[in-house]
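What follows is one structure encoded as structure tokens, with my remarks underneath.
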Amino acid sequence: MKAALLLVLTIWFSAQDAGFALPTSCSLPPSKWCSSLDTAIQCGVLKQCLEANFTRSHQTDAPVEVALYYESLCPGCRLFLVEMLFPTWLLLNEIMTVTLVPYGNAREKPDGQKYVYECQHGEQECLGNMIETCLMNMTNMAFPIIFCMESSSDVIKSAQTCANLYSPQLNWDSLMGCVKGDQGNQLMHQNALKTEGLNPPHQYVPWITVNGVHTEELQEKASTSLFALVCSMYKGTKPEACGGTKRTHFKSYCHNE
Ligand SMILES: *[C@@H]1O[C@H](CO)[C@@H](O)[C@H](O)[C@H]1NC(C)=O
Ligand SMILES: *[C@@H]1O[C@H](CO)[C@@H](O)[C@H](O)[C@H]1NC(C)=O
């Protein structure tokens, strides 16, 4: 499983070098498509495999709920999402849920029925936040697409390629309709409300909550090894993946002045 994950990441990072080449085509019989993460991706059935695995999983307790409050262009957020959150979710999706709230240190001002947004890293970041928000509303492959965007050298430019890769049936024009229209504007307002409703209020991003709770200790543990944290907090029978732990430290914040 870890080898499979490494392979997935290798595919991604080489796809990045090659300007986002599509993954190599699928030459396996359907019975083998879900045998590993890389075959699932190559054969374009990652979502189906994850769902199939989920339904026949031996989940024996409520999943650990991890929420990430972040900004699309904040370097520490990107690092945490790409190097820690997504890989952990790939291995532990049976026992954890992930909620992404792209907003972070942004500000909103009402403007008639709508809101005007100002983002810490400028307009491009507002656009990235909006694309990711609309993706979450329009496809259940949003997390792999967001991972793909955040791991690429240009978060915004890679968006369409990443969406095509993981969700070829998603209509780009409808997505842009959401991004530029009232729907996206209202969805972003929900992100603003969620972020502003944090207790304690966030002081930086990435800001992590586990089962709705933020403490410095949980943040520290999540940044050091989210994998070990989720495994230790899950009260049901531990999945096989929890047998080993990974120890890496990813911590870099964009402060909310
Ligand atoms: C599905 O579960 C099997 C058995 O646990 C595992 O080997 C495989 O990698 C999983 N596939 C995906 C796509 O997670
Ligand atoms: C998408 O957004 C609309 C509001 O614009 C909401 O009613 C709907 O439940 C959302 N769907 C998902 C899957 O989040």
Side-chain angles (χ1 to χ4, degrees), residues 40-41 44-55 57 59 62-72 77 81 85-86 88-90 92-104 106-119 123 125-150 155-156 158-198 202 205-212:
I41 288 173
V45 292
L46 178 62
K47 180 183 135 211
Q48 288 79 0
C49 295
L50 290 174
E51 279 172 4
N53 271 11
F54 192 83
T55 33
S57 77
Q59 197 182 38
V64 179
E65 296 169 17
V66 178
L68 175 66
Y69 295 80
Y70 73 107
E71 302 167 349
S72 62
C77 301
L81 191 148
L85 187 58
F86 187 75
T88 302
W89 175 77
L90 279 182
L92 299 181
N93 62 79
E94 287 178 55
I95 61 162
M96 75 186 283
T97 63
V98 171
T99 303
L100 299 176
V101 186
Y103 186 77
R107 299 281 147 91
E108 71 170 8
K109 281 192 216 115
D111 178 21
Q113 298 285 81
K114 296 184 68 169
Y115 295 90
V116 177
Y117 295 99
E118 230 176 76
C119 297
E123 276 176 32
E125 177 163 85
C126 283
L127 179 58
N129 290 349
M130 192 64 95
I131 291 172
E132 294 179 359
T133 298
C134 287
L135 280 168
M136 286 189 266
N137 188 258
M138 295 176 75
T139 164
N140 44 15
M141 289 303 279
F143 195 18
I145 298 170
I146 292 170
F147 163 75
C148 172
M149 290 168 62
E150 295 294 344
V155 175
I156 310 295
S158 64
Q160 192 169 2
T161 313
C162 291
N164 278 336
L165 196 55
Y166 272 126
S167 190
Q169 71 283 11
L170 178 74
N171 184 302
W172 185 253
D173 292 337
S174 320
L175 184 79
M176 281 300 121
C178 170
V179 166
K180 301 205 164 86
D182 291 348
Q183 194 193 3
N185 197 270
Q186 289 303 322
L187 290 169
M188 189 55 68
H189 177 57
Q190 297 306 315
N191 291 350
L193 292 179
K194 277 188 204 164
T195 306
E196 282 154 17
L198 281 166
H202 78 287
V205 284
W207 187 262
I208 301 154
T209 69
V210 184
N211 293 335

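All values below come from the heavy atoms of this structure, side chains included, with hydrogens, waters and symmetry mates left out. We count ligands from 1, going down the list as the structure has it; atoms in each ligand are counted the same way.
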Aromatic rings Y103 and Y117: how do their planes relate, parallel, tilted or perpendicular, breaks at 30° and 60°?
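Because their plane-to-plane angle is over 60°, the rings of Y103 and Y117 count as perpendicular.
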
Tell me whether the rings of F143 and F86 are parallel (<30°), tilted (30 to 60°) or perpendicular (>60°).
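Geometry flag for F86 against F143: perpendicular rings.
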
Side chains of Y115 and H189: is there a donor and an acceptor less than 3.5 Å apart?
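A donor-acceptor contact under 3.5 Å links the two side chains.
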
Side chains of N129 and E71: do they bring a donor and an acceptor to under 3.5 Å?
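Looking only at side-chain atoms, E71 and N129 do not form any donor-acceptor pair under 3.5 Å.
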
Main chain of L90, side chain of N93: is a donor-acceptor contact present, judged purely on distance under 3.5 Å?
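Answer holds: yes.
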
By the salt bridge (charged side-chain N to carboxylate O under 4.0 Å, His left out) test, which pairs, at least two apart or in different chains, include something from residues 126-136?
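Qualifying pairs: none.
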
Anything with a heavy atom under 4.0 Å from ligand 2 counts, so go ahead and list those protein residues by chain and number.
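Lining ligand 2 at under 4.0 Å, by heavy atoms, one finds N137, Q183, L187.
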
